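Order of the sequence lines fixes the chain letters, A, B, ..., with proteins taken first and strands second; residue numbering starts at 1 for each chain. Since this is a predicted model, take the numbers as computed values, not measurements.
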Amino acid sequence: MSTYSLSDGLASGAPRLTRAPLLAGWLKESGAGVAASAIWIAFGLSCLWWEDVGDWSRTRSLGIAAFIIAAVALFGTVGADYLGSAGRGLRQRAPWLVALGAFLTLWEVATAKFAWLPLPFFPPPQAIIEVYTDDLPKLLDSVFASVRLQLGGYLIGAAVGFLTGVSIGWSRAVGYWVHPVLRFIGPLPATAWLPIAFFTFPSSWSASTFLIALATGFPVTVLTWSGVASVSNAYYDVARTLGAKSSFLVLKVAIPAALPHVFVGLFMGLGSSFAVLVVAEMIGVKAGLGWYLQWAQGWAAYANMYAALIVMSLLCSGAITLLFAIRDRLLVWQKGTVKW
Amino acid sequence: MVAAALAEAITHPAAGAALDIEQVSHAFDIDGAELPVLSDVSISVEPGEFVALLGPSGCGKSTLLRLVAGLDRPKAGTLREDERRIRSPHPSRVVVFQDPTLFPWRSVWDNVALGLEAQGILKSQRHRVDDALDLVGLAAFRNAYPHQLSGGMAQRVALARALVNDPRILILDEPLGKLDSLTRITMQSEIVALWQRKGFTTLLVTHDAEEALVLANRVFVFSERPARVKADIRVDRPYPRHRGDPYLADLRRQILGLLGLDATW
């Protein structure tokens with residue numbers, strides 16, 4: 001009996017419901033995109049409607065760019081079905097576009113148009129765009145200098161830390177000598193070495209490489225060591241009964257088993273080496289994004305500082321993303337790893 | 001059946017080895033105190049025999065297996081494989097442990113290939129890995145990772161990892177202890193079939209009297225720690241054996257009596 005009444009109810013309700021779910025479905029899929037489009041049009045208008053309180057050359061271009069983004073958001077989300085994965089991605093990120101557009105509009109109005117925020121310290125978006133277009137060569141030079149310094153120091157530190165960690169974890173004798181040194185030097189923040197490093201090393205560049213390597217090396221060493229030390233004896237027993245020599249036990253048992261720990265160390269090392277990089281560039285090295293920040297502050301060029309900060313953030317985030325990608329590739333055998 | 005296994009051992013030079021355990025005693029040092037685990041154990045296993053070591057849990061059976069594998073050295077006595085003294089592990093004596101202990105970072109195929117790789121002969125012998133996987137019926141899972149396998153499948157992979165080395169003595173340390181009872185029964189007959197086919201000498205540690213009687217030609221019953229051999233029982237029944245066989249039931253009653261459990265049966 002109950003099934004009859006249920007289907008009856010559905011049948012009688014059906015004609016009333018046909019339009020509403022269609023509209024609701026459309027709103028759910030494209031609503032955020034339409035809203036994003038509207039808010040980016042508002043941003044564009046906010047750029048063009050009022051006069052700037054200062055002298056910025058990119059206000060018009062920014063307004064036009066906002067309209068273009070609004071158009072892309074609108075047609076992209078409404079026509080997402082014809083755009084494949086790009087369309088799906090756009091739809092998924094449309095709420096973020098709304099938030100970003102609202103933030104930019106507010107920022108534009110609060111700085112360039114009515115100067116609610118004190119001006120040299122809070123430059124409007126167009127001032128930052130201006131840095132990217134007009135000061136690009138210097139910014140790019142700084143990026144290259146930073147990446148080179150960071151990469152060199154990090155790779156050296158990671159390699160030395162890994163080898164040291166494996167040696168301590170594997171050999172009692174090495175552990176006896178290295179462990180106390182590690183305990184004495186390791187916890188010291190690498191930046192504390194700055195004054196000494198800059199006069200003992202032949203160049204500020206080599207000094208900074210050393211410091212970055214030091215900052216990377218300590219966590220990598222400790223975690224590699226604990227990873228190797230925590231490998232279950234059962235794995236060694238299995239390998240030994242199958243005829244494994246000790247080189248096999250290190251290379252094919254201890255190291256792969258310790259690899260998840262090693263990556264934790266690599267992540268920690270990456271974080272602390274960023275800090276050292278920026279400080280080293282601010283104090284000693286006459287190149288790189290840290291130096292650029294310092295230089296911009298000297299000239300009270302606040303827009304340049306924000307521009308450099310944004311680039312720096314993208315670079316650091318990119319480096320972490322890259323490390324995650326490498327880890328995911330090497331540790332596919334682990335289940336349920338964290339997504340970055 | 002022993003005769004058949006022996007005949008096969010003669011035709012296959014790589015098949016079962018003889019194992020002689022002579023007056024072996026062993027002890028652990030725990031916080032300076034000496035804890036005896038094996039006391040004057042002597043066992044002589046003929047090539048191709050299937051021997052079960054049965055005893056109360058924690059009595060030292062697994063320690064004896066570690067000595068046979070060469071993972072530890074005894075405090076007293078000697079162990080010999082075909083007259084050669086056992087001093088260190090060798091791929092002719094492979095252990096299957098209670099936990100499969102597959103390497104989680106290696107695929108099933110790479111886990112099975114471990115022994116050949118460790119001995120540096122994998123490049124020319126890759127087909128042996130495929131054969132071993134076929135033997136345990138897991139060829140379709142060659143690219144799976146251990147965390148994707150069930151307990152029984154993982155233990156089969158561990159068995160394949162041992163068999164790929166063509167061991168002369170297969171050492172089974174309660175390999176079925178953690179499996180559910182259905183998987184356990186299936187794998188018991190698989191182990192018998194593999195043993196009959198390959199002719200290796202088998203040493204099985206178990207605390208399950210029924211398992212020992214269904215699988216082995218000889219059952220050694222051990223005492224409480226420190227383990228001594230209490231009885232050496234020949235199980236003279238053809239395979240496949242039937243669990244309800246009155247002869248086996250009788251032996252089982254005897255064994256449980258030796259273990260001091262006759263009142264409960």
Side-chain angles (χ1 to χ4, degrees), chain A residues 158 162 165-166 169-170 172 220 223-267 323-339, chain B residues 62 65-72 86-108 110-122 129 132 143-149 157-167 169-173:
Chain A
F162 177 75
V166 171
W170 190 256
R172 219 173 270 269
V220 174
L223 276 136
T224 305
W225 166 33
S226 84
V228 170
S230 67
V231 177
S232 160
N233 272 329
Y235 290 143
Y236 295 128
D237 284 348
V238 165
R240 282 172 63 209
T241 61
L242 294 172
K245 305 279 174 295
S246 48
S247 61
F248 188 92
L249 295 182
V250 178
L251 296 175
K252 301 290 179 107
V253 183
I255 289 177
L259 222 46
H261 288 256
V262 174
F263 269 97
V264 176
L266 287 172
F267 279 110
L323 192 55
F324 261 99
I326 294 170
R327 185 202 65 164
D328 287 347
R329 177 153 276 232
L330 280 176
L331 303 184
V332 274
W333 52 271
Q334 276 194 316
K335 47 181 174 176
T337 46
V338 182
K339 281 269 172 285
Chain B
S62 295
L65 285 199
R66 289 182 66 85
L67 300 180
V68 173
L71 287 168
D72 296 321
I86 295 171
R87 293 172 194 276
S88 60
H90 190 274
S92 72
R93 287 170 269 118
V94 185
V95 190
V96 178
F97 293 96
Q98 182 171 19
D99 288 309
T101 44
L102 301 179
F103 291 5
W105 58 88
R106 284 173 167 246
S107 67
V108 164
D110 289 332
N111 261 291
V112 175
L114 203 63
L116 302 181
E117 194 182 327
Q119 295 155 50
I121 52 171
L122 180 61
V129 179
N143 293 323
Y145 279 98
H147 75 256
Q148 298 167 308
L149 303 178
V157 176
L159 201 57
R161 179 177 65 186
L163 294 176
V164 76
N165 302 288
D166 275 334
I169 301 180
L170 182 66
I171 301 166
L172 304 169
D173 188 1

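Interatomic distance, CZ of A:F248 versus CD of B:Q119, reported as 9.5 Å (0.5 Å rounding). The structure places CG of A:D237 at 10.5 Å from CG of B:D173, a figure rounded to the nearest 0.5 Å.
Contacts between B:I171 and chain A at a heavy-atom distance below 4.5 Å are absent for every atom of the residue.
The candidate with the highest count of non-hydrogen atom pairs below 4.5 Å against chain A, out of B:E117, B:H90, B:R106, is B:E117. If you tally non-hydrogen atom pairs under 4.5 Å between each of B:L114, B:V94, B:V164 and chain A, the highest count goes to B:L114. Contact count versus chain A (heavy atoms, under 4.5 Å) is highest, among B:G115, B:G70, B:P104, for B:P104.
Nearest heavy-atom pair, B:R161 versus A:V238, reported as atom, atom and distance to 0.1 Å: CZ-CG1, 3.4 Å. Of all non-hydrogen atoms in B:P91 and A:G243, the two that sit nearest each other are CD-CA, 3.8 Å. Contact between A:R240 and B:L71 at its shortest, heavy atoms only, is NH2-O, 3.6 Å. What you find for B:A118 and A:A244 is that their closest heavy atoms are CB-CA, 3.7 Å. Contact record, B:P89 with A:T241: CB-CA, 3.9 Å, taken as the closest heavy-atom pair. Closest non-hydrogen pair, A:A239 versus B:F103, comes out as CB-CZ, 4.3 Å.
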query = Would A:L259 and B:W105 satisfy side-chain contact (heavy atoms from CB on, under 4.5 Å), going step by step from the backbone distance to the final call?
reply = CA-CA 10 Å; A:L259 222 46; B:W105 58 88; over 6 Å; no
